[in-house]
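Counting starts at 1 for both ligands and their atoms, in listed order. All residue numbers refer to positions in the sequence shown, counting from 1.
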Amino acid sequence: MHIHPDARSVVRALAPDEPVIINRPHAAERAARFFVEKFPGKSLYAVKANPSPDLLQVLWNGGVTHFDVASIAEVRLVRAMLPQATLCFMHPVKTPRAIREAYFEHGVKTFSLDTIEELAKIVEATTAEDGTPAADLRLLVRLRVSSDYSELSLASKFGVDLVDAAPLLQATRQHCDWLGVCFHVGSQAMTPFAYVQALERVRAAVAEASVVIDVVDVGGGFPSVYPDMEPPPLKDYFEVIHRHFENLPIAYNAELWCEPGRALCAEYSSVVVRVEKRRGDELYINDGAYGALFDAAHVDWRFPVSALEDDLRDPPQEFAFYGPTCDDADYMKGPFMLPGDIQAGDYIEIGMLGAYGAAMKTGFNGFGNAQQIVVGDEPMASLYRGDRERPVTDNVVSLR
Ligand SMILES: *Cc1c(COP(=O)(O)O)cnc(C)c1O
């Protein structure tokens, strides 16, 4: 495989007419090793953030052995790629057929749920034809927690409310020898406190239910770095989670899990786009809302940008982007800071698109093509380079 040094050399070599996805496997592998070595428990990769088979292999090489899958298609994909991987089906609403196939054909034992109906569904779908119930289920009850400290909420859709958690935990315990609690604090949690309030809710639920808990899964939400979103170091999150986990009223040998998506793969990809037209401070580029820039358009996420030209002299100014399709919704307000003399024909690297970016490209309006190319330089920002270390900050001290 040919590895280009960086995005500029890709532009020089190809002068691409269509957007190009630039991948940095070394950055994803470094993120994987960081979680594997530093998180005080087991790290499951949340496949939905980016299901690219190349990336799955890179994360496996980096030491990730457990995968959080949410659909039968993700189960099949990861199983086909990585026969030895442990798969955990962590979507709280599944079809009976998906559960059955996952359990009987792909060896999936771990499932999450947030209602008594889903528990019944899992139990029934994993019962053998002769009526023998599964003896090896590992079930996690998903608790609803606040998303107040995160940039993207996951609080409304899933999770049992604290008042209903105890009976559900007790009922679930009847069907498995291995019981867990999980939650998701929302994506891009900007402070470790997000996990503290969630773990306090776990404490309350477990205390009331008086059941033995074998695993606490703190979910995803670990941040990456974007313009105006500079989180504290990840080790602050790990320390706070570990401390509060150790104080929970659970089995002495209980495990701690997490399910990072974004934090493991954000640095993996950029997209290289070309400016096709300029209108004042609006740039018409060849990727957008239906491509790798869904979040830029729909939740006004700001991604780092860099012009890939040598002849631009003007100081940076604010630009908005239009994508290539024919509708007004294909608009990204940014602002994106680029040299004031940028013009049609110039190329731009848009960074940190490995999570929920490159994976979400569609073919709408005929604009879905994108070559994938590997480069060897550093991502536009990184949480793992070792130069972001700072002492445990007020972020943590102010927790309680
Ligand atoms: C989306 C998701 C994740 C990953 O979330 P990030 O914010 O990307 O870390 C983890 N667990 C579950 C259940 C999810 O739905």
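- Using a cutoff of 4.0 Å between basic side-chain nitrogens and carboxylate oxygens, R278 and D346 are not scored as salt-bridged.
- Side chains of Y290 and D327: a donor on one and an acceptor on the other come within 3.5 Å.
- If you number the atoms of ligand 1 from 1 as listed, the ones under 4.0 Å from a heavy atom of Y356 come out as 1 (C), 4 (C), 5 (O), 6 (P), 8 (O).
- Looking at G219 next to ligand 1, no N or O pair under 3.5 Å apart turns up.
- Contact annotation for D68 and ligand 1: only side-chain heavy atoms (C-beta onward) come within less than 4.0 Å of the ligand.
- Ion pairing of R8 with D310 is present here, as a side-chain N (NZ or NE/NH1/NH2) and a carboxylate O approach within less than 4.0 Å.
- For K361 and E18, the salt-bridge test fails: no basic side-chain N is under 4.0 Å from an acidic carboxylate O.
- The two residues R24 and E267 make their nearest non-hydrogen contact at CB-O, 4.1 Å.
- Ranking protein heavy atoms by distance to atom 4 (C) of ligand 1, first place goes to A46 CB, 3.4 Å.
- By heavy-atom distance, the residue among K157, H184, R262 lying nearest atom 5 (O) of ligand 1 is H184.
- Given atom 6 (P) of ligand 1, the protein heavy atom at minimum distance is G221 N, 3.4 Å.
- The aromatic ring centroids of Y195 and F238 lie 6.0 Å or more from each other.
- The nearest heavy-atom contact from the protein to atom 15 (O) of ligand 1 is K48 NZ, 2.8 Å.
- Ligand 1 has at least one atom lying under 4.0 Å from a heavy atom of R142.
- When each atom of ligand 1 is checked for a heavy atom of S187 under 4.0 Å away, the hits are 6 (P), 7 (O), 8 (O).
- Looking from atom 11 (N) of ligand 1 to the surrounding protein, the closest heavy atom is E259 OE1, 2.5 Å.
- Scored by the salt bridge (charged side-chain N to carboxylate O under 4.0 Å, His left out) test, R279 finds E282 as partners (sequence neighbours excluded).
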